[in-house]
Amino acid sequence: MLGIFSGSIVSPPDELVAAGSRTPSPKTKAAALLRRFIESKAFAVSVQAGEHAQLAYTHHNESPCQPRSFAVKDEVFCLFEGALDNLGSLRQQYGLAKSANEVLLVIEAYKALRDRAPYPANHVVGHLSGSFAFIVFDKSTSTLFVAVDQDGKVPLYWGITADGNVAFADDAELLKGACGKSLASFPQGCFYSTRVGGLRCYENPKNKITAVAAKEEEIWGATFKVEGPAIFAARE
């Protein structure tokens, strides 16, 4: 799956910007990245979610245990990969039909977070049990919400394209060609929300998350860690 967002929606992490400047490497623009995804992934589907957001996905070569899904409801777009162990109880909690899948559940959870303020974002993602990574974009408010499960069972990566867009994908090789060293593994057990002002940890949402510059020989520009007892680094 792939999500690309302009600088008007997402402010690129300073550490990734610095990494790309410190070690110049080939980059491409967002349009070329999207084109590469569509051309290299069989049966790929792309969706324009407003003027400044693009989403793409494919079911080709997906894991039976971690399928990919897409849905849009009330101008809330969501890409989801993985499976929730507690989907049944969450359906009841959010008043959904038994036929509702994970991607619809995440949309409803996001809407609850948005409409029932102050509803702690870490509580929403903290209640999700299983293996998952998801990208939510609310077109009506230009809000981005991204999260990965606490054990990092579904990989997700983010980087900055040549024209300053921020891209999220489950394929590191795809982003390497577009983002160069401005690339990192999205930290497990964390979420990113433009509404709350950046990257947060589920368990310690008030703890600051810092970036550590990677060594020159590594493909990552930086790794992210939570200050305090819980440490989350990039997966090897």
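Quick caveat, the model's predicted, so the values are computed rather than measured.
- Residues passing the side chain to side chain donor-acceptor pair (under 3.5 Å) test with D14, sequence neighbours excluded: none.
- Listed by chain and number, the residues in a ring pair (Phe, Tyr, Trp, His ring centres under 6.0 Å) with F191 are F145 (sequence neighbours excluded).
- Evaluation of the ring pair (Phe, Tyr, Trp, His ring centres under 6.0 Å) rule for Y192 yields W158 as partners, not counting sequence neighbours.
- Sorted by first then second residue, the salt bridge (charged side-chain N to carboxylate O under 4.0 Å, His left out) pairs that include residues 124-150, not counting sequence neighbours, are R114-D138.
- Scanning all heavy atoms of the two residues, the minimum distance from C78 to V136 falls at SG-CG2, 3.8 Å.
- The line from CG of L55 to OG of S46 is 9.5 Å long, rounded to the nearest 0.5 Å.
- Between F77 and F137, the angle of the ring planes lies from 30° to 60°, which puts this pair in the tilted group.
- Listed by first and then second residue, the side-chain hydrogen bond (donor to acceptor under 3.5 Å, both in side chains) pairs involving residues 162-171 are K41-D171, R68-D170, T161-D163, D163-N165 (not counting sequence neighbours).
- Every pair passing side-chain hydrogen bond (donor to acceptor under 3.5 Å, both in side chains) that includes a residue from residues 27-40 is listed here, sequence neighbours excluded: K27-S182.
- In this structure, the side chain to side chain contact (heavy atoms under 4.5 Å, CB included) partners of A133, at least two apart in sequence or on a different chain, are M1, V148, V154, L156.
- In terms of the side chain to side chain contact (heavy atoms under 4.5 Å, CB included) criterion, residue partners of K176 (sequence neighbours excluded) are, by chain and number, E173, L183, I219.
- Residues passing the side chain to side chain contact (heavy atoms under 4.5 Å, CB included) test with S89 are N86, sequence neighbours excluded.
- Applying the salt bridge (charged side-chain N to carboxylate O under 4.0 Å, His left out) test to residues at least two apart or on different chains, none of the pairs has a partner in residues 57-66.
- Among residues at least two apart or in separate chains, there is no salt bridge (charged side-chain N to carboxylate O under 4.0 Å, His left out) pair with a member in residues 87-102.
- Defined by atom type and a distance below 3.5 Å, a donor-acceptor pair is present between the side-chain atoms of Q54 and Q48.
- Every residue two or more places apart in sequence or in another chain was checked for a side chain to side chain contact (heavy atoms under 4.5 Å, CB included) with A31, and none qualifies.
- Pairing each heavy atom of L33 with each of A167, the nearest pair is CD2-CB, 3.7 Å.
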